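What you see is a predicted model; the values in this text were computed from it and never measured.
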Amino acid sequence: MAGGTGYFSYEWLLVNPQATATVFDRPAVLAVAAELLDEFCQSGRAGAAGVRARVRFQPGDMLTDPLPQTDILLAASLFHDWPTDTCQQLAHRFAAALRPEGELWIHDAFLNDELDGPLAVTDYSAQLFWVTKGRAYSRREYRGWLREAGLHPSMESFTTQMDYGLIWAKKS
């Protein structure tokens with residue numbers, strides 16, 4: 001969702017050769033994602049050339065347009081751009097797009113539950129005030145939105161790079 005460069009999808013497809021992906025974003029962004037897909041497929045990496053046939057680009061606005069039904073929805077670096085009420089709306093829209101037993105994965109920079117750290121994320125959150133309508137949120141806040149949307153959030157959390165992490169929730 002709001003797939004940007006599509007790079008997460010391309011890497012996913014490379015290690016999951018039976019999977020397909022829909023990169024959903026605005027048309028101008030999808031044009032860039034298509035260029036990067038060409039580069040990815042021509043990289044010479046084992047299996048990369050076959051990824052192109054399993055990618056579909058779908059133009060749209062995640063706030064207003066119908067969302068494609070899916071088994072896994074990745075929301076990467078997305079929620080922090082929006083105020084709380086929009087985040088709650090997105091959680092509901094994304095939950096509705098999941099098929100039964102589907103999963104919503106959220107990759108972002110998370111504040112701790114007390115909202116007072118870590119320092120790199122609080123600094124990042126302050127910067128977000130200048131350029132977006134949002135801020136960094138805690139895992140507790142995300143899990144609350146996911147529960148309100150009818151999903152079952154996992155208490156697992158995975159650390160990725162640059163103060164980012166991954167949380168997920170499942171649809172019954």
Side-chain angles (χ1 to χ4, degrees), residues 1-42 48-110 124 128-137 141-154 160 164-172:
M1 194 54 52
T5 64
Y7 197 74
F8 286 132
S9 295
Y10 311 153
E11 288 291 339
W12 171 262
L13 294 173
L14 193 60
V15 296
N16 292 280
Q18 301 305 313
T20 61
T22 300
V23 181
F24 186 95
D25 212 320
R26 296 177 183 256
V29 176
L30 293 180
V32 173
E35 289 176 23
L36 292 173
L37 177 59
D38 287 339
E39 290 177 22
F40 185 88
C41 292
Q42 295 169 14
V51 167
R52 178 180 285 109
R54 297 183 288 127
V55 174
R56 181 172 76 95
F57 295 109
Q58 182 174 339
D61 181 330
M62 68 181 178
L63 296 171
T64 58
D65 289 331
L67 304 179
Q69 292 292 292
T70 188
D71 296 315
I72 299 173
L73 190 150
L74 173 63
S77 299
L78 185 153
F79 283 93
H80 66 234
D81 288 337
W82 301 100
T84 301
D85 60 334
T86 303
C87 293
Q88 292 167 317
Q89 174 193 357
L90 288 171
H92 279 86
R93 286 181 56 77
F94 296 168
L98 292 173
R99 294 183 185 109
E101 303 301 314
E103 297 176 3
L104 171 56
W105 297 357
I106 299 170
H107 185 250
D108 218 318
F110 300 103
Y124 177 54
L128 288 168
F129 282 123
W130 290 100
V131 295
T132 73
K133 299 175 184 178
R135 66 172 177 86
Y137 297 98
E141 289 172 297
Y142 279 97
R143 288 180 175 124
W145 303 332
L146 298 172
R147 275 188 212 85
E148 289 171 9
L151 299 176
H152 303 282
S154 170
T160 58
Y164 270 63
L166 180 77
I167 62 173
W168 61 277
K170 191 168 190 167
K171 185 175 189 174
S172 298

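- The ring pair (Phe, Tyr, Trp, His ring centres under 6.0 Å) test with W105 singles out one residue from F94, Y142, W12, and that residue is W12.
- Within 6.0 Å of the CZ atom in R99, the count of heavy atoms belonging to other residues, nucleotides or ligands exceeds 12.
- Side-chain atoms of K171 do not come within 3.5 Å of backbone N or O of G150 as any donor-acceptor pair.
- Not one N or O on the side chain of R147 forms a donor-acceptor pair closer than 3.5 Å with the backbone of P153.
- Atom CD1 in I167 sits 6.0 Å away from atom CG in L146 (nearest 0.5 Å).
- Taking all atoms of both residues into account, the shortest heavy-atom contact from L14 to A48 is CD1-N, 3.5 Å.
- Between the side chain of R143 and the backbone N or O of S154 there is at least one donor-acceptor pair closer than 3.5 Å.
- With a 4.5 Å cut-off on side-chain heavy atoms, L166 and I106 do not count as touching.
- Although no hydrogens or angles enter the test, the distance criterion places no donor-acceptor pair under 3.5 Å between the side chain of D25 and the main chain of L30.
- Minimum interatomic distance between D65 and G60 (heavy atoms only, all atoms of both residues): OD2-CA, 3.2 Å.
- Y137 places a side-chain N or O within 3.5 Å of a backbone atom of T84 that can act as its donor or acceptor partner.
- Residues P68 and R56 are in side-chain contact: their nearest non-hydrogen atoms beyond the backbone lie under 4.5 Å apart.
- Residues T86 and K133 have side chains not in contact (no heavy-atom distance under 4.5 Å, counting atoms from C-beta outward).
- One distance of note links CG of L90 with CG of D81; it measures 10.5 Å at 0.5 Å rounding.
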Applying side-chain hydrogen bond (donor to acceptor under 3.5 Å, both in side chains), run through T132 and H80 and close with a yes or a no. CA-CA 8 Å; T132 73; H80 66 234; over 6 Å; no
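- Listed for the Q69 side chain is a donor-acceptor partner under 3.5 Å among the backbone atoms of A96.
- Side-chain contact check for L98 versus E103: every heavy-atom pair is 4.5 Å or farther apart.
- Separating the CG atom in L74 from the OG atom in S9 is a distance of 7.0 Å, to the nearest 0.5 Å.
- Residues D38 and E35 have side chains not in contact (no heavy-atom distance under 4.5 Å, counting atoms from C-beta outward).
- Without hydrogens or angle criteria, R54 side chain to L13 main chain gives a donor-acceptor distance under 3.5 Å.
- Taken from CE in M1 to OG1 in T22, the straight-line distance is 9.0 Å, to the nearest 0.5 Å.
- Taking 4.5 Å as the limit, some side-chain heavy atom of M62 sits within range of a side-chain heavy atom of L78.
- Under the ring pair (Phe, Tyr, Trp, His ring centres under 6.0 Å) rule, H107 has a single partner from W168, Y7, Y164, which is Y164.
- The shortest non-hydrogen separation linking A149 to A95 is O-CB, 3.5 Å.
- Atom CD of E101 sits about 12.5 Å away from atom CD1 of I72, to the nearest 0.5 Å.
- Within the 4.5 Å cutoff, the side chain of F110 has no heavy atoms near those of the E141 side chain.
- Considering CZ of R135 and SG of C87, their distance stands at 8.5 Å, rounded to 0.5 Å.
- Closest heavy-atom contact between Y10 and L36: CE1-C, 4.2 Å.
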